[in-house]
Amino acid sequence: MKFLKSSLFAWSIVLLCFGSITNSFSQSALFSYQKYVSAEGDTLNYRMLVSDYNPTSKYPLVIFLHGSGERGDDNEAQLKWGVLNFASDQNMKMHHPIVIAPQCPKDMSWANFSEEDMALKPSPTRPMELLRELINEAVLKLPVDTNRIYITGLSMGGFGTYDAITRYPELFAAAVPVCGGGDVSKAETIANIPIWIFHGALDGTVDPVLSQNMVEALTKAGAHPGYTQYPETSHFSWIAAYSDPMLMDWLFSQQK
């Protein structure tokens, strides 16, 4: 009997894992393969989710920026963490998002901050420039509600989220930087943008002080940022963040 119970338990774990893997593959398949080519010939690969929609209506656009480990040119790796949560049945049914997940080329970055003091440098990186052009194209070609364009990202993408909203504050209705950091001296520039910041208290890769400093600077600038710090979490705070239904409901309720 003990052997039978152990076997049944083992098989249940196998089936659970198989179901999770199958679900991830099915969600990934919802993201079409796309490529943006600039007038200068530079390329930005991206994956795009378009929920079932009425062409006479407008829908929220989510920009998702991956971390440093997912850089490259395979147009696959950027779906590894976080973004598939936006393709859940619940989110697609309730919020009908358009999601764009670009892939940053190898050895490049979304953000351009000074390593010494986190000051935002005057010029954006080339991937950020291409992303801005891609958003413009999406607005022209897709049924995007320009009052509901959101941006979020994890780790390198968290820094990229701060970079984007600081350079283009008029563009975004809300932002969710996860384990990132930004230029505290620019807090007034983004104080009117609803922001929910996430970080792990034990993060040894990106110091949570960077998020705490942004919360303090934004609050002093008159903003009311959300801040969630997971007490027992290290760098992978995005797992809990993007699994939180409260975050999704909050994000999709924001509009300019």
Side-chain angles (χ1 to χ4, degrees), residues 23-39 42-66 75-76 78-79 81-104 110 127-154 157 160-161 164-178 190 192-196 226 241-256:
N23 187 51
S24 294
F25 277 123
S26 64
Q27 287 176 312
S28 298
L30 297 174
F31 287 79
S32 62
Y33 291 84
Q34 304 288 339
K35 180 182 297 186
Y36 172 75
V37 181
S38 72
D42 294 327
T43 298
L44 184 67
N45 291 324
Y46 67 100
R47 300 289 290 275
M48 183 169 67
L49 170 74
V50 178
S51 304
D52 186 28
Y53 64 85
N54 181 340
T56 63
S57 298
K58 299 290 186 179
Y59 297 91
L61 170 63
V62 178
I63 303 299
F64 185 94
L65 303 182
H66 63 76
N75 213 3
E76 296 275 1
Q78 73 266 40
L79 300 187
W81 297 112
V83 69
L84 297 184
N85 292 75
F86 289 93
S88 70
D89 291 343
Q90 179 71 8
N91 282 328
M92 293 182 69
K93 178 179 71 175
M94 296 299 296
H95 305 300
H96 306 281
I98 300 169
V99 182
I100 289 178
Q103 184 177 35
C104 186
W110 298 122
M128 181 58 68
E129 288 180 326
L130 293 172
L131 174 61
R132 183 66 179 91
E133 294 174 14
L134 172 58
I135 295 173
N136 287 342
E137 182 178 81
V139 169
L140 289 174
K141 295 183 177 181
L142 297 169
V144 172
D145 182 349
T146 54
N147 290 316
R148 299 177 68 199
I149 299 178
Y150 313 125
I151 187 166
T152 184
L154 57 93
T161 297
I165 62 177
T166 305
R167 294 186 192 279
Y168 318 114
E170 77 292 341
L171 183 61
F172 299 103
V176 181
V178 181
I190 58 176
N192 66 321
I193 302 174
I195 302 174
W196 192 344
Y242 293 120
S243 299
D244 188 344
M246 290 182 62
L247 167 61
M248 294 296 178
D249 290 341
W250 174 86
L251 181 64
F252 288 110
S253 70
Q254 305 304 314
Q255 55 184 323
K256 291 192 292 184

Practice task
Decide side chain to side chain contact (heavy atoms under 4.5 Å, CB included) for Ile195 and Val176; before the verdict, give the C-alpha distance in whole Å, the side-chain angles of both, and the deciding distance to 0.1 Å.
Solution key: CA-CA 6 Å; Ile195 302 174; Val176 181; over 6 Å; no
So does [Y] get a backbone contact from the side chain of [X], meaning a donor-acceptor N/O pair under 3.5 Å?
| X | Y | result |
| --- | --- | --- |
| Thr152 | Ala175 | no |
| His96 | Met92 | yes |
| Tyr59 | Asn54 | yes |
| Gln254 | Trp250 | yes |
| Thr43 | Val37 | no |
| His66 | Cys104 | yes |

Atom [atom1] in [X], atom [atom2] in [Y]: separation rounded to 0.5 Å?
| X | Y | atom1 | atom2 | result |
| --- | --- | --- | --- | --- |
| Asn91 | Leu84 | CG | CG | 11.5 Å |
| Lys58 | Ile98 | NZ | CD1 | 9.0 Å |
| Ile151 | Thr161 | CD1 | OG1 | 5.0 Å |
| Leu79 | Phe31 | CG | CZ | 6.0 Å |

Could you go through residues 164-174 and list every donor-acceptor pair under 3.5 Å that involves a side-chain atom there, pairing it with any protein atom two or more places apart or in another chain?
residue	atom	partner	partner atom	Å
Thr166	OG1	Tyr162	O	2.7
Arg167	NE	Asp163	OD1	2.7
Arg167	NE	Asp163	OD2	3.3
Arg167	NH1	Lys121	O	3.0
Arg167	NH1	Pro122	O	3.0
Arg167	NH2	Lys121	O	2.8
Arg167	NH2	Ser123	O	3.3
Arg167	NH2	Asp163	OD2	3.4

Handout entry: Candidate pair Val62 and Ile100, rule side chain to side chain contact (heavy atoms under 4.5 Å, CB included), full reasoning
Key = CA-CA 6 Å; Val62 178; Ile100 289 178; over 6 Å; no
If every non-hydrogen atom of [X] is compared with every non-hydrogen atom of [Y], which pair is closest and at what distance?
| X | Y | answer |
| --- | --- | --- |
| Leu44 | Pro127 | CD2-O, 4.3 Å |
| Leu130 | Ser38 | CD2-CB, 3.7 Å |
| Trp110 | Gly157 | CD1-CA, 3.8 Å |
| Pro102 | Leu131 | CG-CD1, 4.0 Å |

Practice task
Only counting residues at least two apart or in another chain, list the ones meeting side-chain contact (heavy atoms from CB on, under 4.5 Å) with Asn75.
Solution key: Tyr33, Asn45, Arg47, Gln78, Gln103
Practice task
Establish, from distance only, whether the side-chain atoms of Gln34 and Ser32 form a donor-acceptor pair under 3.5 Å.
Solution key: yes
Handout entry: Proximity of Tyr242 and Phe64 rings by center, below 6.0 Å
Key = yes
Exercise for the section: I would like to know whether Val139 and Ile149 meet side chain to side chain contact (heavy atoms under 4.5 Å, CB included); could you show each step before the answer? Expected result: CA-CA 10 Å; Val139 169; Ile149 299 178; 4.1 Å; yes
Contacts under 3.5 angstrom, residues 141-148 side chains, donor-acceptor by atom type, not counting sequence neighbours:
residue	atom	partner	partner atom	Å
Asp145	OD1	Asn147	N	3.0
Arg148	NE	Tyr150	OH	3.0
Arg148	NH2	Phe252	O	2.5

Problem - Stepwise side chain to side chain contact (heavy atoms under 4.5 Å, CB included) check, Met248 with Asn85 - result: CA-CA 9 Å; Met248 294 296 178; Asn85 292 75; 4.0 Å; yes
